[in-house]
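Reading through the structure tokens given below for one structure.
The figures here come from the full heavy-atom set of this structure, side chains too, leaving out hydrogens, waters and symmetry mates. In the text below, chain A, chain B and the rest are named by the order of the sequence lines, each starting its count at 1.
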Amino acid sequence: MLKSMRSSNDHLISLIVSSTAKLHLRQIHAILLRTSLIRNSDVFHHFLSRLALSLVPRDIDYSRRVFSRRSNPTVSHCNTMIRAFSVSETPVEGFRLFRALRRRRSSRPANPLSSSFALKCCIKSGDFLGGLQIHGKIISDGFLSDSLLLTTLMDLYSTCENSNYACKVFDEIPKRDTVSWNVLISCFLRNKRTRDALFLFDKMVNEVDGCVKPDGVTCLLAVQACSSLGALDFGERVHAFIDQNKLGGALNLSNTLVSMYSRCGSMDKAYEVFKSMREKNVVSWTAMISGLAMNGFGKEAIEAFNKMLKLGISPEEQTLTGLLSACSHSGLVDEGMMFFDRLRSGEFGMKPNLHHYGCIVDLLGRARLLDRAYGLVQSMEMKPDSTIWRTLLGACRVQGNVELGERVISHLIELKAEEAGDYILLLNTYSSVGKWEKVTELRSLMKERKIHTKPGCSAIELQGSVHEFIVDDVLHPRKEEIYETLAEINQQLKIAGYAAETTSELHNLDSEEEKGNALTYHSEKLAIAFGILVTPPGTTIRVTKNLRTCVDCHNFAKFVSNVYDRVVIIRDRSRFHHFKGGFCSCNDFW
DNA sequence: CTAGGGTTAG
């Protein structure tokens, strides 16, 4: 009798486990209620996890209802529910349930899975304090030996931007495996410790920690790190590692490679990877289109977009952002407006978002149609954000439109989103038309409001290691040689007709008094000088910069590319400048 | 009162 009952339960459970459709589960629910089999803890557990975790789309309300009707939920039942909340829109509920569970079972420690799922709830809801509480409970429950749990804990500190704590937890993990390493790498990546992330990758490759080896995820993270640093050599090394160890093939990894190569200014390599992919999705196409856009291949980006449509792949919002930015970067005004109109008509199944408007504002600004750009911003159905205004401000700066510039910055101030860079743009607008009294006025205002500029930072990669420079850098070990080289370069360039422009571009507020004689060295100049110093003649110099390159440095790079016969590639905040023989690929006005 | 947990694309 008992045996037959168990076998009928088994049958039922296998039925539950195999169902993913909501309707199906509802029918099963009805049967379970009618037969009272729902009371069976085992059956209930399987039913709940199916309903709460496997159902797509998820139905958290239904799950919550089912769960709350259970009179004596076990720890497993609660865990399932906490886990369901951790991936729901209301993760706070999961944390609440965790606390209720612990109160109820005060005599015995909860099982480590409860803490794990509750941690995920805190991570999702950004509840750092709740996470800290759980950390305390992990200690008091004696779960510090649970490597998986500690890995989740690291992720908590990672999302709370506390990479030092994440490191501490990492050191305490008794058995570190590839995933723990990956979480630390992803932590460094999220917290702008990109070089540390690459350092860890190297350590893993060299098998510093026993037999822990990089896997596909490690490589994906490393490629992302290279992408944000613009470290092409390192990226190629990681790519080679992927091929050698047969870790490639996954769609997300290939997509990341495409993006990395294009963000490192190597469109050939990006296309090579793209072409070799057996399967491509929207993300692949978007990566390719955005890459082409960034590198100034506007026509090719449009071609790629049309081909994607032809293949029946529907674009996403980011695809359109890439396409429209391609049009603006390459000065394809008519094409850009045409795509924008099609977008607005609803042809692509979406409405223009802020990024799309931003691209068009940029497009119109570059085409010197400032009034039209301003009109468009005012006609937007959503509230323009600071980026939109900032784009417009950039256009004002290029065209020396003081009036509109002032109006735009008042919008930014109204949004309480004005940044130091915005004041600099306005400052440069004033100085470009010679309004010096306004410049002085604005400067004292900035001093008064204690507005500090973000330091420019440039990076250059040499033999796989990345060297970073800030304005007037004095930290680099070879600073003497670098400054000597820079002085020599300046002399050479002067002969060729280069004149440093010290009046209209003032990134550094405090440099006014020094301006003229000893001029400030922007980080990109230092990086370029370093490149000239340490690489053999003819080597391409690749520099990555966090801000927008100023007119003077842009000019400087042009001359260097000619006088020293080098290809210089600068990655700006949003795009690439390829300098060769005294010219730049960009069609900006300078 | 066993089951069940951690990282990852544009």
Side-chain angles (χ1 to χ4, degrees), chain A residues 13 17 40-50 52-54 72-84 86-87 105 108 111-120 123 143 146-156 158-159 166 169-170 173 175-190 197 200 214-225 227 247 250-263 270 273-274 277 280-294 308 313 315-323 325 355:
Chain A
I13 286 169
V17 167
N40 179 301
S41 167
D42 202 3
V43 171
F44 179 77
H45 179 262
H46 280 105
F47 177 70
L48 185 66
S49 34
R50 215 61 214 164
L53 298 169
S54 314
N72 260 325
T74 65
V75 177
S76 309
H77 299 156
C78 293
N79 286 351
T80 304
M81 210 50 217
I82 298 172
R83 188 178 170 202
S86 79
V87 290
R105 303 171 47 85
R108 273 163 295 177
N111 97 19
L113 270 85
S114 322
S115 314
S116 176
F117 297 139
L119 268 176
K120 292 205 86 175
I123 291 168
F143 291 149
D146 188 326
S147 300
L148 268 72
L149 185 51
L150 291 194
T151 310
T152 316
L153 194 56
M154 280 173 68
D155 203 39
L156 171 85
S158 164
T159 42
V169 176
F170 179 76
I173 297 178
K175 269 194 182 156
R176 286 180 286 262
D177 62 0
T178 302
V179 181
S180 354
W181 280 79
N182 289 351
V183 177
L184 191 59
I185 294 178
S186 118
C187 171
F188 283 161
L189 218 54
R190 265 193 267 185
L200 282 187
D215 64 359
V217 176
T218 322
C219 294
L220 187 134
L221 294 167
V223 173
Q224 279 187 327
S227 183
L247 295 170
L251 200 52
N252 56 359
L253 185 50
S254 304
N255 290 342
T256 310
L257 278 170
V258 170
S259 165
M260 182 273 289
Y261 278 125
S262 35
R263 288 177 56 111
V273 175
F274 181 77
M277 291 169 67
K280 300 182 187 77
N281 62 5
V282 210
V283 180
S284 327
W285 285 94
T286 305
M288 198 63 211
I289 291 167
S290 314
L292 288 166
M294 244 190 293
M308 186 191 86
I313 298 171
E316 285 180 355
E317 296 198 350
Q318 296 183 53
T319 323
L320 264 297
T321 307
L323 177 72
S325 81
H355 297 287

Requested in this report: Start with the C-alpha distance between A:Val179 and A:Val183, add both sets of side-chain angles, then the distance that settles side chain to side chain contact (heavy atoms under 4.5 Å, CB included), and finish with yes or no.
Outcome: CA-CA 6 Å; A:Val179 181; A:Val183 177; 4.2 Å; yes

Query raised in the report: If you round to the nearest 0.5 Å, how far is OG1 of A:Thr152 from NZ of A:Lys120?
Result: 7.0 Å

Query - A:Asn79 (side chain) and B:dG5 (base): donor-acceptor pair under 3.5 Å - result: no

Query raised in the report: When we call it a touch if two heavy atoms are under 4.0 Å apart, what does A:Ser158 touch: a base, just sugar-phosphate, or nothing?
Result: nothing

Report task. Report yes or no: is there a donor-acceptor pair, N or O only, under 3.5 Å between the side chain of A:Thr152 and the base of B:dG6? Result -> no

Query - Distance, rounded to the nearest Å, where A:Asp215 contributes CG and B:dA9 contributes P - result: 14 Å

Requested in this report: Answer yes or no as to whether B:dA3 has its base stacked against A:His45, where stacking requires a ring-centre separation under 5.5 angstrom and planes under 30 degrees apart.
Outcome: yes

Query raised in the report: Would you say the side chain of A:Ser259 and the base of B:dA9 hold a donor-acceptor pair, judged only by whether the two atoms sit under 3.5 Å apart?
Result: no

Report task. Among B:dT8, B:dA9, B:dG5, find the nucleotide with the atom closest to the side chain of A:Val283. Result -> B:dA9

**Report entry** Counterpart residues, salt bridge (Lys or Arg N to Asp or Glu O under 4.0 Å), relative to A:Arg50 (two or more places apart)
**Finding:** none

**Report entry** Selection from B:dG10, B:dA9, B:dA3 that lies nearest to any side-chain heavy atom of A:Asn255
**Finding:** B:dA9

Query - Whole-Å distance separating the CG atom of A:Leu119 from the P atom of B:dG5 - result: 16 Å

Report summary line: A:Leu292 atom CG is separated from B:dG10 atom P, nearest whole Å, by 16 Å

Report task. Report yes if at least one side-chain N or O of A:Lys120 is closer than 4.0 Å to OP1 or OP2 of B:dG6; otherwise report no. Result -> yes

Query raised in the report: Expressed in angstrom and rounded to an integer, what is the separation of A:Leu149 atom CG from B:dT7 atom P?
Result: 12 Å

Report task. Name the nucleic acid region contacted by A:Gln224, choosing base, sugar-phosphate or nothing; use a 4.0 angstrom heavy-atom cut-off, strictly under. Result -> sugar-phosphate

Report task. Mind calculating the distance between CZ (A:Phe117) and C1' (B:dG6) to the nearest angstrom? Result -> 10 Å

Query raised in the report: Of the nucleotides B:dA3, B:dT8, B:dG5, which has the atom closest to the A:Thr74 side chain?
Result: B:dA3

Query raised in the report: Between B:dG4 atom P and A:Asp42 atom CG, what is the distance in whole Å?
Result: 12 Å

Report task. Answer yes or no: side-chain N or O of A:Ser49 and base N or O of B:dG4 forming a donor-acceptor pair under 3.5 Å. Result -> no

Report task. Side chain of A:Thr80 only, please: which of B:dG4, B:dT8, B:dG10 is the nearest? Result -> B:dG4

Report task. Under 4.0 Å between any heavy atoms, over every strand shown, what does A:Val179 touch: base, sugar-phosphate, or nothing? Just pick one. Result -> base

Query raised in the report: Of the candidate nucleotides B:dG5, B:dA3, B:dT8, which contains the atom at the shortest distance from the side chain of A:Leu220?
Result: B:dT8

**Report entry** Side-chain donor/acceptor contact of A:Asn252 with base of B:dT8 under 3.5 Å
**Finding:** yes

Query - Any A:Thr218 side-chain heavy atom under 4.5 Å of A:Trp181 side chain - result: no

Query raised in the report: A:Ser76 side chain: which of B:dG4, B:dG6, B:dG10 is closest?
Result: B:dG4

Query raised in the report: Got a sec: does the NE2 of A:His77 have more than 12 other heavy atoms crowding it under 6.0 Å?
Result: yes

**Report entry** Distance-only donor-acceptor check, side chains A:Ser284 and A:Asn281, under 3.5 Å
**Finding:** yes

Report task. Measure from CG on A:Leu253 to C1' on B:dT8 and round the result to the nearest Å. Result -> 9 Å

Requested in this report: Could you state the atom-to-atom distance from OH of A:Tyr261 to P of B:dA9 in whole Å?
Outcome: 19 Å

Requested in this report: Taking only the side-chain heavy atoms of A:Val217 (C-beta and beyond), determine which of B:dA9, B:dT7, B:dA3 contains the nearest atom.
Outcome: B:dT7

